[in-house]
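Protein chains get the first letters and strands the later ones, always in sequence-line order, with residue 1 at the start of each. Bear in mind that the values here come from a model prediction, so they are computed numbers and not experimental data.
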There are 2 protein chains.
Amino acid sequence: MELAEGKLKFIEAWGKLGSEWGINRTMAQVHALLLVSPEALTTEEVMAELSISRGNANMTLRDLIDWGLVEKQHKTGERKEFFYAEKDTWAIARRVAEERKKRELDPVLKILSQLSEVKGDEKDPAYKTFKTSVADINKLAKNVNKTLETMLKAEESWFFGSIFKIFK
Amino acid sequence: MELAEGKLKFIEAWGKLGSEWGINRTMAQVHALLLVSPEALTTEEVMAELSISRGNANMTLRDLIDWGLVEKQHKTGERKEFFYAEKDTWAIARRVAEERKKRELDPVLKILSQLSEVKGDEKDPAYKTFKTSVADINKLAKNVNKTLETMLKAEESWFFGSIFKIFK
DNA sequence: TTAAACTTTCAAAAATAAATGAAAATTAAA
DNA sequence: TTTAATTTTCATTTATTTTTGAAAGTTTAA
């Protein structure tokens, strides 16, 4: 396979994966494009490579910056802004994990703890099932939360190394 | 908070979480409803509780069965079908992990291994960056894959217990 | 200043995903 | 069988998400 073809395949695959995980397809594609670009790209270049509009490119790049996955660069003598993607995969994974934890897991943990307070008739099967399900999910969510917190602090080799040491 | 209100909050939260993770909101809500129901429900009951159409209820329930999260039950003397959700949270997490691994991670691993074969000019920065990014993502994906495989085999207490023993 | 280069915004359009509901298909009791 | 109950299908409709593109805003060089 040629580089050009591989690049297209990579962008396509990353976009598909993103959309399956609730991330806008175009955003994932722009990220993929920047990931395989040695140099920072301009908005124009992103627009041209992916055939997307200026507005779309601009908003998507801004979102990627908000996620901490891309940074703006300025080149001396150049008026335009350049966009460069963080290349360290483990850092990317941590950024995504951190952001989604903050946006999604933390709110869910809050709601679950409220739902743990629901009072009712201990004889009522509906109440008992509710209680048990909420308690179980709460326990799992807290374990996931603790694991993520560990991951956010860890180096990749340490994190996976330690996991596999245990489960070998 | 009352049971009725808590139930609504739970269904709403589960639906929102689902949609953030690429799962149809209604499907997550039906799952939530069944999770807190001590008894198996009929299609009619699901339709009424969530105010959704027959077609939607039918398709959603079928999808949940495909995911292995819900099973059909038949009651003697009853013509209708009843739907019951697996209540063991760890089993649910494993089912979801297994299914998404199969549907999403496995195809990505396959593409990444193809992309590892891309040939090009070692002096070309575009080629070098492509190679490095693909190799790094491949490594991470394989580690995630191994961790998932471990999780699929493990008991919850063992899995998290072992992780926290290491990271204490 | 001013004017060209560049970035951002956002209402409208297009694309995509999900839901409806009535008809067709299936099932099982009479 | 026949028929009534129940489930499934799927063309249409509705809702949601994403993209466009032109206008407004901003920046910087002359």
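- Residue-to-nucleotide contacts include a donor-acceptor pair under 3.5 Å from the side chain of B:R79 to the base of C:dT27.
- Nearest-nucleotide positions on DNA chain C place A:F82 closer to the 5' end than the other of B:S51 and A:F82.
- Counting heavy atoms from C-beta outward, A:M1 and B:Q114 have side chains that approach closer than 4.5 Å.
- Contact check for B:K87 versus A:S133: side-chain heavy atoms found under the 4.5 Å cut-off.
- Counting to the nearest Å, the C1' atom of D:dT6 and the NZ atom of B:K75 are 17 Å from each other.
- Taking atom CG of residue B:L50 and atom C1' of nucleotide C:dT20, one finds them 15 Å apart after rounding to whole Å.
- Between A:R62 and C:dT9 there is a side-chain polar atom (N or O) within less than 4.0 angstrom of OP1 or OP2.
- Checked against D:dT8, C:dT20, C:dT9, the side chain of A:M59 finds its nearest nucleotide in C:dT9.
- Note on B:K72: every side-chain N or O is 4.0 Å or more away from OP1 and OP2 of D:dT6.
- A:T43 has no side-chain polar atom (N or O) that falls below the 4.0 Å cut-off from OP1 or OP2 of C:dC6.
- In terms of phosphate contacts, A:N58 brings no side-chain nitrogen or oxygen within less than 4.0 Å of OP1 or OP2 of D:dG21.
- Side-chain proximity of B:R54 to C:dT20, D:dT20, D:dT8: nearest is D:dT8.
- Ring geometry, A:F10 versus B:F130: the interplanar angle exceeds 60°, so the pair is classed perpendicular (tilted spans 30 to 60°).
- Between the CD1 atom of B:I65 and the P atom of D:dT7 there is a distance of 11 Å, given to the nearest Å.
- When the C1' atom of C:dT7 is taken as reference, atom NZ of A:K80 falls 12 Å away, rounded to whole Å.
- In this structure, the side chains of A:K7 and A:L33 come closer than 4.5 Å at one or more pairs of heavy atoms.
- Closest to the side chain of B:S53, out of C:dA19, D:dT7, C:dT8, is C:dA19.
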